[in-house]
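Start at 1 and go down the list; that is how both ligands and their atoms are numbered. Values reported hereafter were calculated over all heavy atoms of this structure, with side chains retained and with hydrogens, waters and symmetry mates removed.
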Amino acid sequence: MQQASKNKAGPAKNIVIAGGGFFGLYLAEQLALKGCQVTIFEKSQQLMSRASYVNQARVHNGYHYPRSILTALRSRLSFPRFVNEFRDCIDDDFAKYYLVAGSLSKVTGDQFLRFCQRIGAECDEAPASVKRLMNPALIDSVFTTREYAFDSHKLRDLMIERLSAANVRIVTDATVEKVRQYGDGLEVFTSISGQPETVYADHVFNCTYSRINYLLDGSGLALIPLRHEMTEMCLVDVPDEFKKMGLTLMCGPFFSVMPFPSAQLHSFSHVRYTPHNQWSDVASKSYEDPHIKYDQSPRQSAWGHMLRDAQRYVPGLSECQYQRSIWEVKTILPRSDSDDSRPILFRANHGLRGLHCVMGGKIDNIYDALHEIERLIELN
Ligand SMILES: Cc1cc2nc3c(=O)[nH]c(=O)nc-3n(C[C@H](O)[C@H](O)[C@H](O)COP(=O)(O)OP(=O)(O)OC[C@H]3O[C@@H](n4cnc5c(N)ncnc54)[C@H](O)[C@@H]3O)c2cc1C
């Protein structure tokens, strides 16, 4: 059996990362910088082509989570760290407004303002020039906030450079199918361009997002309860007055429109219409591969519904020009359903010593697990 990467004499740990999204890449680099020999196996031909590309590109700064103070505070801590670390991938050249609806909202304007004060997030009454864009009959309050967007393509290119500098081995078109205990470590069964290959690792990190349970199912291990939604993110050209602007209507069945830097367009999502079909991974029924569900899902855009609803609140949005939709399976921890929280899922030694599952509901969640991971593999 091969080592996942050629192990020099000495105690360097051999690490396999399943999944070349942002989580897998970031973790790979951090572990390599601590002296580990790291190999990433990515199923697609390209890194960061799944959820790490198909998302709203919002660098969260807490505003989104008035119902989960813990997620809001974690976002506040991660925001400056992420923005500083990835400065060249950040678009901060737009104004971000949070709107609160007069009815159907789960928070009032006063509650939202108090919540922002509590978490220390900038939040001021928006200028009249912005308020006049809103329908006063439906919008209760408009706040100027500070929130940015990230360019996923720039982030990918930067991570590829950093991984090369850290000597991380990257294998694309490579699926990790199964993991089995082997002595003190793990035997890792992969399929590389359709050819089976088995490697050895001291630790395997399962960073496969919607497919965390694919590897567990293949290895005969207990599934982690997860809920999946087939989601549609519309990419649109907004009218000139909205070009340097992002809008999020809180907090309930509403919408967001904000810059999507990697396509030089705005993303448009709607709480009611972005999710299409949904399903759950539960132990009591046979496992369904989310990537197969994704391939087989009908892609009938809900753009018309999104726009019809949004333009009631912000009439000028009716002039948005729809360009295309991007689709992805969004994976959510069941407990997030009630409070809309986004904690990181981190399961150390899940079913096998050395097999660890990591999944975040936000791109910057990775910071929440780093310290634990370093401790786990005795790097400190
Ligand atoms: C619609 C939507 C909107 C979102 N909006 C935001 C937002 O605005 N801001 C934010 O911070 N977060 C947002 N998120 C969440 C964010 O996208 C995720 O937290 C993050 O991208 C997860 O990164 P990842 O590396 O775990 O997943 P991914 O980028 O999906 O990477 C997992 C990789 O694993 C690969 N893989 C799967 N199975 C295997 C296998 N067996 N072997 C090898 N490789 C495998 C996949 O091909 C994939 O490349 C959003 C997510 C979605 C879906």
Side-chain angles (χ1 to χ4, degrees), residues 16-28 39-61 63-65 71 74-75 78-79 82 86 147-150 152 155-156 159 170-179 188-192 204-219 228-234 246 248 256 258-261 267-271 274-276 289-292 294 325-333 336 342-346 357-369:
V16 159
I17 307 265
F22 182 73
F23 274 62
L25 304 191
Y26 195 81
L27 199 50
T39 304
I40 298 169
F41 292 100
E42 165 53 45
K43 172 177 176 270
S44 311
Q45 305 280 356
Q46 274 215 344
L47 301 174
M48 282 184 62
S49 57
R50 301 287 316 210
S52 297
Y53 171 67
V54 185
N55 63 64
Q56 197 156 38
R58 185 194 305 268
V59 186
H60 282 279
N61 194 9
Y63 302 103
H64 225 61
Y65 303 107
T71 298
R74 294 295 326 166
S75 298
S78 299
F79 180 82
F82 189 85
F86 297 105
E147 199 178 62
Y148 303 150
F150 60 88
S152 176
L155 198 56
R156 178 195 60 203
M159 287 312 299
I170 298 172
V171 190
T172 54
D173 194 13
T175 300
V176 179
E177 300 286 356
K178 174 176 151 179
V179 179
V188 185
F189 298 82
T190 69
S191 166
I192 303 177
V204 173
F205 286 88
N206 180 356
C207 302
T208 55
Y209 189 63
S210 64
R211 265 177 128 224
I212 292 261
N213 282 325
Y214 175 89
L215 183 50
L216 301 182
D217 188 58
S219 309
H228 306 282
E229 291 171 349
M230 180 71 175
T231 50
E232 176 187 13
M233 193 68 64
C234 297
T248 294
S256 261
M258 63 182 284
F260 188 76
S267 65
F268 207 117
S269 66
H270 194 293
V271 171
T274 287
H276 286 240
D289 180 349
H291 283 197
I292 294 181
Y294 171 91
S325 293
I326 49 177
W327 301 77
E328 185 51 287
V329 176
K330 184 170 192 171
T331 298
I332 299 154
L333 299 176
S336 299
R342 290 290 180 271
I344 190 156
L345 177 139
F346 175 48
C357 300
V358 186
M359 192 205 82
K362 298 190 285 103
I363 204 114
D364 55 273
N365 267 154
I366 188 64
Y367 294 137
D368 296 341

Over all atoms of both residues, closest heavy-atom pair of Met359 and Ile212: CB-CD1, 4.0 Å
- prompt: Are any of the heavy atoms in Leu215 under 4.0 Å away from ligand 1?
  reply: no
task: Ignoring hydrogens and angles, state whether a donor on the side chain of His228 or Ser210 is under 3.5 Å from an acceptor on the partner side chain.
output: no
- prompt: For ligand 1, is Ala174 a contact, meaning one of its heavy atoms is under 4.0 Å away?
  reply: yes
message: At under 4.0 Å between heavy atoms, is it the side chain or the backbone of His60 that contacts ligand 1, or both, or neither?
response: side chain
statement: Heavy-atom closest pair (Gln56 atom, Ser267 atom, distance to 0.1 Å) is CG-OG, 3.4 Å
query: Quick check: does Glu42 get an N/O under 3.5 Å from an N/O on ligand 1?
result: yes
message: Out of all atoms in ligand 1, which are within 4.0 Å of some heavy atom of Thr175? Include the element for each.
response: 40 (C), 41 (N), 42 (N), 43 (C)
field: Minimal non-hydrogen separation, Val329 against Tyr209, with atom names
entry: O-CE2, 3.4 Å
field: Any side-chain heavy-atom pair of Met233 and Trp327 under 4.5 Å
entry: no
Close-contact set for ligand 1 against Gly19 heavy atoms, below 4.0 Å: 33 (C), 34 (O), 35 (C), 43 (C), 44 (N)
- prompt: Hey, does the side chain of Asp217 reach the backbone of Asn213 with a donor-acceptor pair shorter than 3.5 angstrom?
  reply: no
Minimal non-hydrogen separation, Thr208 against Ala18, with atom names: CG2-O, 3.4 Å
message: Does any N or O of ligand 1 fall below 3.5 Å from an N or O anywhere on Ser52, backbone included?
response: yes
- prompt: Given side chains that start at C-beta, do those of Ser256 and Arg58 come closer than 4.5 Å, heavy atoms only?
  reply: yes
- prompt: Are the side chains of Phe82 and Ile363 in touch, meaning some heavy atoms are under 4.5 Å apart?
  reply: yes
- line: Heavy atoms of Ile40 and Ala28 approach each other most closely as CD1-CB, 3.6 Å
query: If we only count N/O pairs under 3.5 Å, is Glu328 in contact with ligand 1?
result: no
- request: Determine whether Phe23 and Ile17 make a side-chain contact, defined as any pair of heavy atoms from C-beta on separated by less than 4.5 Å.
  value: no
query: Would you say Met233 has any N or O atom under 3.5 Å from an N or O of ligand 1, going by distance alone?
result: no
task: May I ask you to test the Arg211-Thr175 pair for a side-chain heavy-atom distance under 4.5 Å?
output: yes
Phe22 N/O under 3.5 Å from ligand 1 N/O: yes
query: Identify the closest protein heavy atom to atom 18 (C) of ligand 1: which residue and atom is it, and at what distance?
result: Gly360 O, 3.7 Å
message: Show the atoms of ligand 1 that are less than 4.0 angstrom away from any heavy atom in Thr231.
response: 1 (C)
query: Identify the closest protein heavy atom to atom 31 (O) of ligand 1: which residue and atom is it, and at what distance?
result: Gly21 CA, 3.3 Å
- prompt: Tell me, which protein residue and heavy-atom name are nearest atom 30 (O) of ligand 1, and how many Å apart are they?
  reply: Ala51 N, 3.1 Å
task: Could you list the atoms of ligand 1 found under 4.0 angstrom from a heavy atom of Val54?
output: 2 (C), 52 (C), 53 (C)
Atom 11 (O) of ligand 1: the protein heavy-atom neighbour that sits closest, reported with distance to 0.1 Å: Ile363 N, 2.7 Å
query: For atom 43 (C) of ligand 1, what is the nearest protein heavy atom, given as residue, atom name and distance?
result: Phe41 O, 3.3 Å
- request: Would you mind running through ligand 1 and noting each atom that sits below 4.0 Å from a heavy atom of Phe23?
  value: 22 (C), 23 (O), 24 (P), 25 (O), 26 (O)
message: Heavy-atom contact check, 4.0 Å cutoff: does Met359 meet ligand 1?
response: no
message: When you compare the side chain of Tyr65 with that of Ser75, does any pair of heavy atoms fall below 4.5 Å?
response: yes
field: Val59 side chain near Glu147 side chain, heavy-atom distance below 4.5 Å
entry: no
field: Sole residue of Tyr148, Phe79, Phe22, Tyr367 in ring pair (Phe, Tyr, Trp, His ring centres under 6.0 Å) with Phe86
entry: Phe22
query: Would you say Leu27 and Cys207 make side-chain contact, with heavy atoms under 4.5 Å?
result: yes
- line: Check: of Thr331, Asn365, Asn55, Thr208, min heavy-atom distance to atom 51 (C) of ligand 1 comes from Asn55
For the student: nearest non-hydrogen atoms of Ile344 and Val358, plus distance: CD1-CG1, 4.0 Å
- request: Note the single closest protein heavy atom to atom 5 (N) of ligand 1, along with its residue, its atom name and the distance in Å.
  value: Gln56 N, 3.1 Å
field: Sub-4.0 Å heavy-atom contact, Glu229 with ligand 1
entry: no
- prompt: Taking heavy atoms and a distance under 4.0 Å, where does Ala57 meet ligand 1: side chain, backbone, both or neither?
  reply: backbone
- request: Please report which non-hydrogen protein atom sits nearest to atom 38 (N) of ligand 1, along with the residue it belongs to and the distance in Å to one decimal place.
  value: Arg211 NH1, 3.1 Å
message: Contact between ligand 1 and Met48 is defined here as a heavy atom of the residue under 4.0 Å from a ligand atom; is it met?
response: no
query: Counting only heavy atoms, which portion of Cys207 has something under 4.0 Å from ligand 1: side chain, backbone, both, or neither?
result: backbone
message: Using a plain distance cutoff, I'd like to know if Lys43 has any nitrogen or oxygen under 3.5 Å from a nitrogen or oxygen of ligand 1.
response: yes
message: With heavy-atom distances below 4.0 Å as the criterion, list the atoms of ligand 1 near Ser44.
response: 47 (O)
Contact check: Ala18 vs ligand 1, nitrogen or oxygen atoms, below 3.5 angstrom: no
query: Considering only the protein, which heavy-atom contact is closest to atom 15 (C) of ligand 1, and what is its distance?
result: Gly361 O, 3.3 Å
